[in-house]
Amino acid sequence: MPEEFNHFDHDRKTRAIDTFQIVDADSSQQDAILYAKKGVSFVLQGPPGTGKSQTITNIIAESLAEGKRVLFVSEKMAALEVVHKRLTQAGLSDFCLTLHSHRANKKEVLNDLGNTLALNRFKVHDEAISQLELLEKQRDKLNQYITELHTTIQLSIKHYTE
């Protein structure tokens, strides 16, 4: 990994307005999303239940927001279905072409492809922008609290005798 990404401080270096994640992500997932956004090659692996599908979902959402195309393939049908379900729940199903389904026929695939190509990129509404700015301010307050909480204070105690 490039040195600049070691111990990357997502809270201080990432603005909420520049984030298009649609499901929760912990710090290691945030790192993987960052690598994907920056074009760094990596392998995402782990046992079941470690958040790989969440991470892939967020990488796809981030890529869509940047106008990129994504091909997601998996040996396991369950992984395809979980990621598709999460994208659908976030309102991004129009960007998905499900070619793995036994029900998918050539006419449906071509129709879906035409509809997907006709879609425009989305725009963030003013209300959402103000909510993101508020979120950023709240995050900054929490980070400031953490900084102050971990700041060493020198105390000098004087003993008074009567």
Side-chain angles (χ1 to χ4, degrees), residues 1 5 7-143 146:
M1 297 295 146
F5 299 139
H7 307 291
F8 189 85
D9 188 346
H10 295 278
D11 280 349
R12 296 199 194 320
K13 295 182 178 179
T14 305
R15 295 182 49 223
I17 191 82
D18 298 326
T19 303
F20 298 94
Q21 297 168 30
I22 58 174
V23 292
D24 293 340
D26 66 21
S27 61
S28 64
Q29 292 168 322
Q30 291 289 342
D31 287 343
I33 295 163
L34 174 67
Y35 301 152
K37 286 178 74 169
K38 299 296 183 180
V40 176
S41 292
F42 65 97
V43 175
L44 182 64
Q45 63 183 14
T50 56
K52 294 179 300 296
S53 295
Q54 281 177 252
T55 306
I56 292 166
T57 301
N58 280 328
I59 289 171
I60 292 171
E62 291 279 356
S63 298
L64 289 174
E66 293 178 5
K68 295 178 181 176
R69 294 180 191 101
V70 177
L71 174 63
F72 172 50
V73 294
S74 174
E75 183 179 332
K76 300 193 186 259
M77 180 66 97
L80 295 171
E81 290 171 349
V82 168
V83 170
H84 184 261
K85 179 182 175 186
R86 288 181 175 150
L87 291 168
T88 299
Q89 289 171 337
L92 298 176
S93 63
D94 289 342
F95 293 94
C96 300
L97 295 173
T98 52
L99 302 176
H100 62 278
S101 172
H102 65 284
R103 295 178 302 244
N105 63 44
K106 184 177 179 181
K107 184 177 180 180
E108 284 179 19
V109 169
L110 291 174
N111 190 29
D112 286 349
L113 184 57
N115 292 337
T116 301
L117 292 173
L119 292 173
N120 290 323
R121 288 184 66 185
F122 58 90
K123 184 177 179 180
V124 179
H125 297 286
D126 290 340
E127 181 183 332
I129 290 173
S130 63
Q131 288 179 347
L132 289 170
E133 288 170 351
L134 177 62
L135 175 66
E136 220 166 71
K137 287 178 186 174
Q138 290 173 337
R139 182 186 68 188
D140 291 344
K141 281 173 71 174
L142 288 170
N143 283 333
I146 294 294

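The chain is numbered in sequence order, starting from 1.
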Fill in: Distance in Å, I59 CD1 paired with K52 NZ, rounded so as to fall on 0.5 Å steps
12.5 Å
Worksheet entry | Side-chain touch L80/H84, heavy atoms, less than 4.5 angstrom | no
Item to complete: Give a yes or no answer on whether the side chain of Q29 reaches the backbone of G51 with a donor-acceptor pair at less than 3.5 Å.
Response: yes
Worksheet item: How long is the gap from CG on L34 to OG on S27, to the nearest 0.5 Å?
Response: 12.0 Å
Discussion item. I need the D26 CG to T55 OG1 distance, nearest 0.5 Å.
Written reply: 7.0 Å
Worksheet item: Nearest 0.5 Å, what's the OG1-CZ distance between T14 and R139?
Response: 7.0 Å
Worksheet item: Got D31 and H10 here, is their nearest side-chain heavy-atom distance under 4.5 Å?
Response: yes
Worksheet item: Is atom CG of D9 surrounded by more than 12 heavy atoms (other residues, nucleotides or ligands) closer than 6.0 Å?
Response: yes
Worksheet item: Only one of I56, I60, L64 clears side chain to side chain contact (heavy atoms under 4.5 Å, CB included) with V70; which?
Response: I60
Fill in: Closest non-hydrogen atom pair, I22 against L92
CD1-CD1, 4.1 Å
Worksheet item: Do other residues, nucleotides or ligands put more than 12 heavy atoms under 6.0 Å from the NZ atom of K68?
Response: yes
Worksheet, complete the sentence: What one should report as the nearest heavy-atom pair of A32 and F42 is O-CZ, 3.3 Å
Discussion item. Return the CD to CD1 distance between Q21 and I33, rounded to the nearest 0.5 Å.
Written reply: 4.0 Å
Worksheet item: Which heavy-atom pair separates F72 from A79 by the least distance, and what is that distance?
Response: CE2-O, 3.9 Å
Practice prompt. Indicate the atoms forming the closest heavy-atom contact of Q54 with V23, along with that distance.
Written response: O-CG2, 3.6 Å
Item to complete: With rounding to the nearest 0.5 Å, note down the distance linking NZ in K76 to CD in E81.
Response: 13.0 Å
Response to the item:
Taking every heavy atom of V83 against every heavy atom of S53, the minimum-distance pair comes out as CG2-O, 3.8 Å
Discussion item. Can a donor-acceptor pair be found, under 3.5 Å and without considering hydrogens, that links the side chain of S93 to the backbone of Q89?
Written reply: no
